[in-house]
Amino acid sequence: MPDPAEASAGRYAQVIVDIASSDTDRVFTYRVPQGMALLPGTRVSVPFGKRTLEGIVLSFGDDPGMPEERVKDILRPLEDYPAVLPPLVDLAREIARDTRTPLAMALRLMFPAEMRRGRVKIRTRATARLRTGEHGIQETLDAALAASARAPKRRLLLRLLEDGLSHPVEELRALARDPLAALKALEEEGFVTLAEEEVFRSPYPDAGPVDRDPALTADQREVLSEIVPAIRSGGGRFLLHGITGSGKTEVYIRAARECLSRAQGVIVLIPEIVLTPQMVSWFKGRFGDVAAVLHSRLSAGERYDEWRRIRSGHARIVIGARSAVFAPVSNLGLIVVDEEHEASYQAENAPRYDAREAAASRASREGAALILASATPSVLTFAKARRGDLMLLEMRHRAQSQPLAHVTVVDMREELRLGNRGMFSTLLHERLAECLDRGQQAMLFLNRRGYAPSVMCRKCGAVMKCPQCDVNLTWHQADRMMHCHYCGLRGGLPQECPTCGSSYIKPVGVGTQKVEEEFRRLHPDVGVVRLDMDTTSGKDAHQILLDRFRSGEARVMVGTQMIAKGHDFPQVTLVAAVLADMSLHLPDYRSEERTFQLLTQLAGRAGRADMPGEVVIQTYAPEHFAIQAAAKQDYRAFFETEFSRRRDKLYPPFTMMVRLLCEHALEDTARGVSSALYGRLKDWLAQRPALKKRVIFFREDASPIKRIMGLWRTQVLLKLLEHPESGEVLDFLKQLSEETWPCRVSLEINPASLA
Ligand code: ADP
Ligand code: ZN
Ligand code: ZN
């Protein structure tokens, strides 16, 4: 790194001001006064009109770009280090450009909100230590003892300090009464240094490493033989495709250890900390306080302290959710993205960055290795590995050689034919009873993330699809119509099934509550817990319910997809997907992918210990390729079919979905803005026939969820070919969204949800 004093002094700095409150970028030139040493990313105080504002230095130059006398001086740096590490300033620029959001918003991701306007106090405590003499500690100690011959308290204090480390005065007070006067005297005589040291509020109690390394499996050794040399040579991008239970965590731990031995830092991203407490405890067990944890449930003070522990280099390993990809780790050696297929890696609010892409960009910028890992990689990531952008590493065996669970697919159409109208098939009834008889535990799983039901023929299992978009239609109770959330097509319930002619066509959708009720009716004396959005909203509710299950007080757990991953319950030998089709029917082109992932991850939950696991998948579409592939746990088969479907139907990675979302308390206002946006886009495209060819369709409509928290939502939705020229369309849309409109307009590129 260049000497900052040399790099910045006497030059001009581009400073972005007031990033907390402005939604557009305000970048101005200031002079760096002689003697002030700055790096890009340093927060500074600058004069602005009659006010003083906070800003962040972006870059330096020799030309002020305006008359010299109008340039003002930077007043002072707010910290003596860059709050945003210089490579993260560049990453923020890239995110701003790619997501078409202001740089100010991207920079806000890079340091804790608490730092702005000095809202969090640093906690300190008084400490004392022996001053190191020219010939070391012993010299000071001898001289101090000689000078304290007739002062027993001073001699006691010197003995307590003789290790040369710094001791909190509070601690000394417990051993020697009223030590302060004696310490002050020792300080005045030059033997002791008194100081105020920062105290870090730790969300996890101090702990040294306690756990030992297990011997590696053959699979682990093999993948590490690729990863470790890559770390040593400063790069490497990997997709680690390892079945559930193959021991991927141990690979991360060993790779992290390699980085530590080279004084490099590590970032491990996990989808949701609260759902994966294991990862944190394993890393803490192996690395102690060298590992820091960042997540949304920390208090502001804790988050700020963890952040500073990382920034100062005290913590070299960071475990955290999505935004931890921006953790202030210097000399980065490795970024791991665990369960990389999870939708939570995509930010829901602007800037809508994708943590996997940010990780890839950061890794290559800083010469770090990248590992994206999953048992069920996302289609986009696997496609990249096939193209050679990532090196594919595979782990095909379980670490403790447990057998994979036995999977049975049950055809629910057949159940109806045999007169069973309940939600549990005969097979599931039997398996549940057997499992409970053996004294073991079961999980009943329902994917209810859909907010609205699909429309299905209960006789043949056919689901009503949009003829134009190949996504499932969604039933809207409000207007009693089927809607396509992609193109806006709507229609009434068909009288008969277009496939088999039957009249059993109905909106379908079951809730976890119904499953719980049904189970209680069948087994009134068996304890059951239900885990879903409704039962886990309290602060500790999640943990309490999990504990009831872990302790065995509850024998059955009913839940949404949040139970599908992360946990190790050794007593669970039966796992059932009560209605696998529910995720298949989501009005989203990723519904096949989500279904495959959920079912495969679910199967990985059963029988992790020495007992074999049993998985029951209930479905009206037993022949569907996603369900078939999940039943066989055959990722490749799933990928090949899904990839060619994406190509045929023009979905990502071949195209992108883009929308301008308009939100306002008055429906007419939102509607007026989206109509105006649509009109502008139409005119603009009409003059650019070559670009228009890149646009597969565009339309203006109400958003699938018409109103959220009192705001009406309308949208202009586009599907664009993935092509360099499409960038021009995005640029125009960004420009449009930034004009002054009577309501909020946000641009979303491939949003995680089109709700
Ligand atoms: P994955 O993340 O690939 O699904 P985990 O990392 O959760 O797998 O590991 C699965 C289980 O295997 C864990 O209980 C872990 O402790 C165990 N395990 C991992 N590596 C080893 C090893 N080398 N020797 C023994 N047990 C291991
Ligand atoms: Zn459609
Ligand atoms: Zn039918």
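Order of appearance sets the numbers: ligands from 1, and atoms from 1 within every ligand. It should be emphasised that the depicted structure is a prediction, and the values quoted were computed from it without experimental measurement.
In Trp282, the part holding a heavy atom less than 4.0 Å from any atom of ligand 1 is the side chain. Only the backbone of Leu216 comes within 4.0 Å of ligand 1, counting heavy atoms alone; no side-chain atom from C-beta on gets that close. Of all the heavy atoms of Met395, none lies under 4.0 Å from any atom of ligand 1, so neither backbone nor side chain is involved. With a 4.0 Å cut-off on non-hydrogen atoms, Asp338 does not touch ligand 1 at all.
Taking any N or O of Glu250, backbone or side chain, none lies under 3.5 Å from an N or O belonging to ligand 1. The distance criterion of under 3.5 Å between nitrogen or oxygen atoms is not met by Thr244 with respect to ligand 1.
Taking the centre and axis of the six-membered ring of Phe643, the NZ or CZ atom of Arg386 falls inside the cone set by 45° and 6.0 Å.
The aromatic rings of Phe569 and Phe549 lie perpendicular to each other, with more than 60° between the two planes, well past the 30° mark.
Closest heavy-atom approach to atom 1 (P) of ligand 1 among the candidates Gly245, Ala215, Ser374, Ala373: Gly245. Comparing heavy-atom distances from atom 8 (O) of ligand 1 across Ala399, Gly247, Ala375 singles out Gly247 as nearest. Remark: among candidates Arg221, Arg398, Lys248, the nearest residue to atom 3 (O) of ligand 1 is Lys248, based on non-hydrogen atoms.
Ligand-side atoms of ligand 1 in range of Thr217: 23 (N), range being under 4.0 angstrom from any heavy atom. Those atoms of ligand 1 with a heavy atom of Ile243 less than 4.0 angstrom away are 3 (O). Close approach to Thr249 involves these atoms of ligand 1, each under 4.0 Å from a residue heavy atom: 2 (O), 5 (P), 6 (O).
Contact check on Arg645 versus Glu593 returns no salt bridge, with no Lys/Arg side-chain nitrogen under 4.0 Å from an Asp/Glu carboxylate oxygen. Salt bridge absent: Glu226 and Arg221 never bring a charged side-chain N and a carboxylate O closer than 4.0 Å. Using a 4.0 Å cut-off between a side-chain N of Lys or Arg and a carboxylate O of Asp or Glu, Arg286 and Glu250 qualify as a salt bridge.
Ligand 1 lies out of reach of Gly242, whose nearest heavy atom is not under 4.0 Å from it.
Each of Met464, Glu496, Gln495 was scored for a side-chain contact (heavy atoms from CB on, under 4.5 Å) with Ile505, with one residue passing: Met464.
The CG atom of Leu269 sits 9.0 Å away from atom OG of Ser323, with the distance rounded to the nearest 0.5 Å.
Geometry about the Zn ion (ligand 3) gives an angle of 110° between SG of Cys460 and SG of Cys457, rounded in steps of 10 degrees.
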CA sep, side-chain torsions, deciding dist, call: Arg636, Glu394, salt bridge (Lys or Arg N to Asp or Glu O under 4.0 Å): CA-CA 12 Å; Arg636 291 296 180 115; Glu394 291 183 283; 3.6 Å; yes
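At a cut-off of 3.5 Å, with distance as the only test, a side-chain donor of Glu415 or Thr426 sits close to an acceptor on the other residue.
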